[in-house]
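The chains referred to below are lettered A, B, ... by the order of the sequence lines, with proteins before strands, and numbering in each begins at 1. Excluded from the calculations below are hydrogen atoms, water molecules and symmetry mates; all remaining heavy atoms, backbone and side chain alike, are included.
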Number of protein chains: 2
Amino acid sequence: MKVVKFGGSSLASAAQLEKVLNIIKSDDSRRFVVVSAPGKRDDQDIKVTDALIKYYKSYISEKDVTADQTWIINRYRSIIDELGLGQGILEKITKAIIDLANLPIDNNDFLYDTFLAAGEDNNAKLVAEYFRKNDLPARYVHPKNAGITVTSEPGNARILPSSYDKLEELCDSDEVLVIPGFFGVTVDNQVCTFSRGGSDITGSIVAAGVKADLYENFTDVDGIFAAHPGVVHKPQSISELTYREMRELAYAGFSVLHDEALIPAYRGKIPLVIKNTNNPDHPGTKIVLKHTGATIPVIGISGDDDFVSINISKYLMNREVGFGRKVLQILEELNIRWEHIPTGIDDMSIILRGRELTPIKEQEIISQLTRKLEVDEVEIERDLSIIMIVGENMKNHIGVTAKAAEAFSKKHINLEMISQGSSEVSVMFVIKTEQEKAAVRALYQTFFETE
Amino acid sequence: MKVVKFGGSSLASAAQLEKVLNIIKSDDSRRFVVVSAPGKRDDQDIKVTDALIKYYKSYISEKDVTADQTWIINRYRSIIDELGLGQGILEKITKAIIDLANLPIDNNDFLYDTFLAAGEDNNAKLVAEYFRKNDLPARYVHPKNAGITVTSEPGNARILPSSYDKLEELCDSDEVLVIPGFFGVTVDNQVCTFSRGGSDITGSIVAAGVKADLYENFTDVDGIFAAHPGVVHKPQSISELTYREMRELAYAGFSVLHDEALIPAYRGKIPLVIKNTNNPDHPGTKIVLKHTGATIPVIGISGDDDFVSINISKYLMNREVGFGRKVLQILEELNIRWEHIPTGIDDMSIILRGRELTPIKEQEIISQLTRKLEVDEVEIERDLSIIMIVGENMKNHIGVTAKAAEAFSKKHINLEMISQGSSEVSVMFVIKTEQEKAAVRALYQTFFETE
């Protein structure tokens, strides 16, 4: 049994929806379909979700909303007409869109969420109708009826653990169930949306709830590449990736699925595959708990910029009990999130994302380190990038770090810092941002082109 | 102007003292001589300091102390006789040794320190007398008169900052001043000893006080070797080392001078040289604030065992503000000193010295990490060694880490962890202790034998 999620670009037009229908029809075990709102058809297009935001803004500022409503309704209408669906579904969607402008504005914490969620919700109705018209028994299920009960945090809903039992009951259905992504319902029956990566989260939750054998996440790419295609020319795609490797790659620049979307599937031990709606025969990238066979040592190379290093030195620092903890306390009190703390003997660096260190916080840190901890020197180093080589199988290959370091050395790339932890799932290099692309290319050449 | 310190083996016999005299006579600028107590003449011998400890124990347990006194007096007598010094000095030393047994036992926090310090104190008198008899104008100076005023912490005295001004007055003397090492005097006129590395500390303090051009520390080795002679066959000796490099090397196994002994000289910006009394023409190893010329990238390789790693993993650890600080807080509350914290994305290791982690503390840490921080996994890894390559000039040489990692890889040595901090004074490798010697040899070969 499979849960299949389609992103906005897979649902943007009749032509795309035909591909979706064929994908579902081609495999009987695809029983649950989670849908996004219609995405852009081309670069000039507007996403339905963005049109809903505009509609919401007009409504709360008490402007005339007719044009906003019309644009959204017409967007659905064009898909309905192209697909040759009946007037019934268009009337339903039209009513739902117009009814939004009857919701109370005052004391309504969930108004914005309800507007936004309409994109997915109405698309799910449309998709279910389209399936039925094409001899695929299907049924639209509202998250309330599916059992997707969430916390009352507008824009940042979290699933309640009790939901999973209710979700499991969905398995009893003979029809394909079409569920709108991106939102759940609170115990008070309010529509409440997930954070970034919303529809992916819904798919992940449904997969965990129905104990799916596989969660298929259809996008518009053939899976995940071993390096960024904007940096490396035609990089290989990765056939199998563990959740852990995915997290490590995502950390430094890879952004196919949002972390939070992975948690329910990870916890439920559901494997996930990222596939391409436009090329469904491509096996895509499978994300698994454990690798199934022997793999190459390095599975992917990622790079991300805008890191900063706070370099601290103090003679005999290493004799001072609690020194490191005090440094981290200062950061915590300033609400600064750090990433890594490579330490020498009398020196310590704190690596953090550039956005964490505003000029005011920078001054405050320098002042506190100097005053409270009496450090000899503090230096702020900006414009750093983190490059990571990732692969769970690295630990079985001696010399991976040596090869990586040699690749840098040959290209005259200076390693500001290097850190390989005990997990041996990744090795992290800190370099100057100006050398980031050269570094990724050098590593790609070493680990993917010569083997 | 130079301050010269001699260790116990340089002062153990008349033959050794002749070398000392020649060293002082050969250079007019050697104006201050700091001496240890007479050391062992051979492997079977007893150090005067150890004989004093025995004497102290007999005295406080109210046993007959005659034998203890006689042994110590005879030890000085044999040197005095061999050197042909007069009875005057022997009588002075005899009286000083016997008088120890007249000191009050009760409510005397400084009794042990006073016994111990007698080894250095009487030796300074002897050395001054010997110098004078050999046409070298010299004078014994008690630390009280020198101005070495210290805190009232028996066995762990620390110099009072005000001492330095008084010490500077010593410069006015025309004679060579002979000062006993290892102890100072409290404001209440009590003898109070320094901790480990005591005479080295005195030398360092005097050098800083008189603003010496050089602090010469005479031992029985030709300086510091680039790697441990027990591991590498006939390693090169290092001609010049910065304080910083010295600290980094000392961290992982090098132990020529004790850290604390370096501080006054370091703060006073006094260069230091480690030389061999038995081979004074050898230039030895100079310890400086900054390198004077171009140097090789790696100046020394050290290795130390008995490290432990606590490996923690928790899914999405890296999203949790304050996680690292909480881990360090737990360690601090258990009074455990950590060394390094290499971090991955969802994992973190804490590297510490094995002695810090008693079985009880180990259980407590595992329990607290699991209970308070809800980690997914904690694993304790023992029998680890830290290998360090050290050199301030590494930062100007791209590829040092690559060469080191390659050297390990060729010898099939698996890197458990690797860390290169922003200072680039050292790169640290964590490996299994069983591979420590092979690792040091591989690095020595790479950085010292092929260049």
Side-chain angles (χ1 to χ4, degrees), chain A residues 243-244 247-248 251 259 263 266 309 311 313 315-316 318-319 321-322 324-325 328-329 331-332 335 337-349 379 381 395 398-399 401-410 412-428 430, chain B residues 243-244 247-248 251 259 263 266 309 311 313 315-316 318-319 321-322 324-325 328-329 331-332 335 337-349 379 381 395 398-399 401-410 412-428 430:
Chain A
Y243 274 100
R244 184 125 197 215
R247 277 274 300 149
E248 306 259 341
Y251 174 77
D259 283 342
I263 303 175
Y266 170 77
S309 176
N311 304 328
S313 63
Y315 195 63
L316 296 184
N318 134 300
R319 295 289 194 94
V321 175
R325 197 265 309 151
L328 300 191
Q329 189 98 49
L331 295 176
E332 199 177 333
N335 200 21
R337 195 191 292 257
W338 52 270
E339 303 291 324
H340 303 281
I341 5 178
T343 45
I345 311 309
D346 290 339
D347 54 85
M348 167 175 186
S349 295
E379 177 216 33
E381 203 178 346
K395 57 172 157 286
I398 285 176
T401 306
K403 279 175 81 172
E406 199 195 342
F408 285 146
S409 162
K410 273 189 189 155
H412 303 284
I413 295 165
N414 193 31
L415 291 173
E416 299 282 316
M417 269 164 258
I418 169 170
S419 175
Q420 175 194 305
S422 63
S423 73
E424 293 184 59
V425 178
S426 61
V427 184
M428 191 188 90
V430 179
Chain B
Y243 275 98
R244 182 124 199 215
R247 277 271 304 146
E248 305 260 341
Y251 174 77
D259 284 341
I263 303 174
Y266 170 77
S309 176
N311 304 329
S313 62
Y315 194 63
L316 295 185
N318 132 301
R319 294 290 194 94
V321 175
R325 197 265 308 151
L328 299 190
Q329 188 98 46
L331 294 175
E332 198 175 334
N335 200 21
R337 195 191 291 257
W338 53 269
E339 303 290 325
H340 303 282
I341 4 177
T343 45
I345 311 309
D346 290 339
D347 54 85
M348 166 173 187
S349 295
E379 179 216 31
E381 202 178 347
K395 58 172 157 285
I398 285 178
T401 306
K403 277 175 82 173
E406 197 194 343
F408 285 147
S409 162
K410 272 190 189 154
H412 304 284
I413 295 165
N414 193 30
L415 291 172
E416 300 281 316
M417 269 164 256
I418 170 170
S419 175
Q420 174 195 306
S422 62
S423 74
E424 293 183 58
V425 178
S426 62
V427 185
M428 190 189 90
V430 179

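For chain B, the nearby part of I413(A) is the backbone; its heavy atoms alone come within less than 4.5 Å.
With respect to chain A, the highest number of heavy-atom pairs below 4.5 Å among V430(B), T401(B), L415(B) belongs to L415(B). If you tally non-hydrogen atom pairs under 4.5 Å between each of H340(A), H412(A), Q329(A), R247(A) and chain B, the highest count goes to R247(A). Per-residue heavy-atom pair counts under 4.5 Å with chain A were compared for W338(B), Y243(B), Y266(B), F408(B), and the maximum is reached by Y266(B). Of all the listed residues (I341(A), I418(A), L328(A), N414(A)), the one sharing the greatest number of non-hydrogen pairs under 4.5 Å with chain B is I418(A). Between chain B and the options S313(A), S426(A), G324(A), the largest number of non-hydrogen pairs under 4.5 Å is found for G324(A). Note on M428(A), K395(A), R337(A), R244(A): by heavy-atom pairs under 4.5 Å with chain B, the leading option is R337(A). Residue with the most contacts toward chain A among D346(B), V427(B), N335(B): D346(B) (heavy-atom pairs, distance under 4.5 Å).
In terms of heavy-atom proximity, I398(A) sits nearest to S409(B) at CG2-CA, 3.7 Å. Closest approach of A402(A) and E406(B) over heavy atoms only: CB-N, 3.4 Å.
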For D347(B) and E248(A), what are the C-alpha separation, side-chain angles and deciding distance, and is it a side-chain contact (heavy atoms from CB on, under 4.5 Å)? CA-CA 10 Å; D347(B) 54 85; E248(A) 306 259 341; 3.8 Å; yes
